[in-house]
Amino acid sequence: MAHPSPRKIAQRTLPARKRIALIAHDDKKQEMLDWATRWQSTLAKHELVGTGTTAGRIAHHLGLEVEALMSGPLGGDQQIGTRITEQKLDVLIFFWDPFSPQPHDPDIKALLRLAALWNIPVACNAASADFILSSPRLSEGYSIDIPDTQDWMARRSV
């Protein structure tokens, strides 16, 4: 039985200091590092979290503080997804490789689904990440519509 979509009537304000997730597939890790190098001073003003090797490489090479979660195939994508649902993440920068099938493709799809559902900005390549980080809204509070989970749960139980 299909359930209706949650109504997006609740609001959440993203803080001025954003919580930004950084993820890159193996063939995109150098591209992520190059991108992060260009945006190092901006990224340093925000709270960073990343999966496995990506977090480690950015922290090591750029001297930025990046909370390292598990590698994507070991559950890191799901850890990021959990933070999205708990409203503890504000931006997702995910350089994924469209040419390489990943053993954890279902986790990736679930992560992107959660980002769309919870209405957080997502960048899947350097160009879209540049647009997000160059936005004047990056360093200010910003209200977004999110699912009204209480309403949705109440309607499901009927």
Side-chain angles (χ1 to χ4, degrees), residues 6 8 11-147 149:
K8 289 193 173 187
Q11 285 217 321
R12 170 182 172 226
T13 299
L14 303 180
R17 184 171 189 256
K18 304 291 187 285
R19 295 161 295 186
I20 301 173
L22 304 170
I23 306 172
H25 284 156
D26 288 345
D27 288 344
K28 296 290 186 173
K29 288 193 189 319
Q30 186 60 50
E31 183 179 352
M32 170 68 79
L33 186 57
D34 294 343
W35 173 84
T37 299
R38 290 192 307 273
W39 289 99
Q40 182 175 1
S41 63
T42 300
L43 291 170
K45 298 173 186 171
H46 299 279
E47 183 180 329
L48 307 176
V49 61
T51 53
T53 308
T54 303
R57 287 184 72 178
I58 291 171
H60 175 76
H61 290 286
L62 302 181
L64 295 173
E65 185 175 327
V66 185
E67 179 185 358
L69 302 178
M70 300 296 292
S71 170
L74 297 177
D77 298 328
Q78 292 180 343
Q79 288 178 298
I80 297 289
T82 297
R83 292 197 183 192
I84 292 170
T85 62
E86 293 173 342
Q87 301 175 34
K88 294 179 180 175
L89 194 73
D90 308 310
V91 175
L92 174 62
I93 308 292
F94 185 2
F95 288 12
W96 59 274
D97 184 358
F99 291 109
S100 298
Q102 302 295 322
H104 60 296
D105 273 344
D107 298 336
I108 296 164
K109 184 177 180 182
L111 175 61
L112 294 173
R113 179 188 164 278
L114 289 172
L117 174 67
W118 289 96
N119 197 22
I120 67 164
V122 177
C124 293
N125 54 44
S128 57
D130 286 345
F131 272 74
I132 290 174
L133 263 63
S134 65
S135 170
R137 298 193 189 276
L138 182 68
S139 295
E140 60 186 43
Y142 181 71
S143 293
I144 59 173
D145 291 337
I146 61 170
T149 56

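One-based numbering along the sequence shown. Reckoned from all heavy atoms, side chains included, excluding hydrogens, waters and symmetry mates.
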Q. Yes or no on side chain to side chain contact (heavy atoms under 4.5 Å, CB included) for D145 and Q11, after CA distance, side-chain angles and deciding distance?
A. CA-CA 5 Å; D145 291 337; Q11 285 217 321; 3.0 Å; yes
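By the 4.5 Å heavy-atom criterion applied to side chains, D130 and W39 are counted as neighbours. No side-chain heavy atom of R137 sits under 4.5 Å from any side-chain heavy atom of L14. Side-chain atoms of L43 and L133, non-hydrogen and from C-beta on, do get closer than 4.5 Å to each other. Within the 4.5 Å cutoff, side-chain heavy atoms of I108 are placed close to those of F94. Using a 4.5 Å heavy-atom threshold, the side chains of L111 and L92 count as touching.
Across all non-hydrogen atoms, the minimal contact from A129 to F95 is CB-CE1, 4.0 Å. Contact record, I144 with W118: CD1-O, 3.8 Å, taken as the closest heavy-atom pair. For the pair L33 and I58, the tightest heavy-atom approach, listed with the atom from each and the gap, is CD1-CA, 4.2 Å. Between T51 and G72, the shortest heavy-atom distance links the atoms CB-N, 4.2 Å. The shortest heavy-atom contact between G75 and M70 is C-CB, 4.3 Å. The minimum heavy-atom distance linking L114 with I84 is given by the pair O-CG2, 3.7 Å.
Taking a cutoff of 4.0 Å between a charged side-chain nitrogen and a carboxylate oxygen, D97 and K29 do not qualify as a salt bridge. Using a cutoff of 4.0 Å between basic side-chain nitrogens and carboxylate oxygens, E86 and R83 are not scored as salt-bridged.
The environment of CD in Q30 is crowded: more than 12 heavy-atom neighbours from other residues, nucleotides or ligands sit within 6.0 Å. In the displayed structure, R113 atom CZ is contacted under 6.0 Å by at most 12 heavy atoms of other residues, nucleotides or ligands. Summarising the local packing, NE2 of H61 is surrounded by more than 12 heavy atoms from other residues, nucleotides or ligands at distances under 6.0 Å.
Of the N and O atoms on the side chains of S128 and N125, at least one donor lies less than 3.5 Å from an acceptor on the other residue.
With values rounded to the nearest 0.5 angstrom, T85 atom OG1 is found 9.5 Å from L117 atom CG.
Between D90 and the options R12, R17, K18, a salt bridge (Lys or Arg N to Asp or Glu O under 4.0 Å) holds for only R12.
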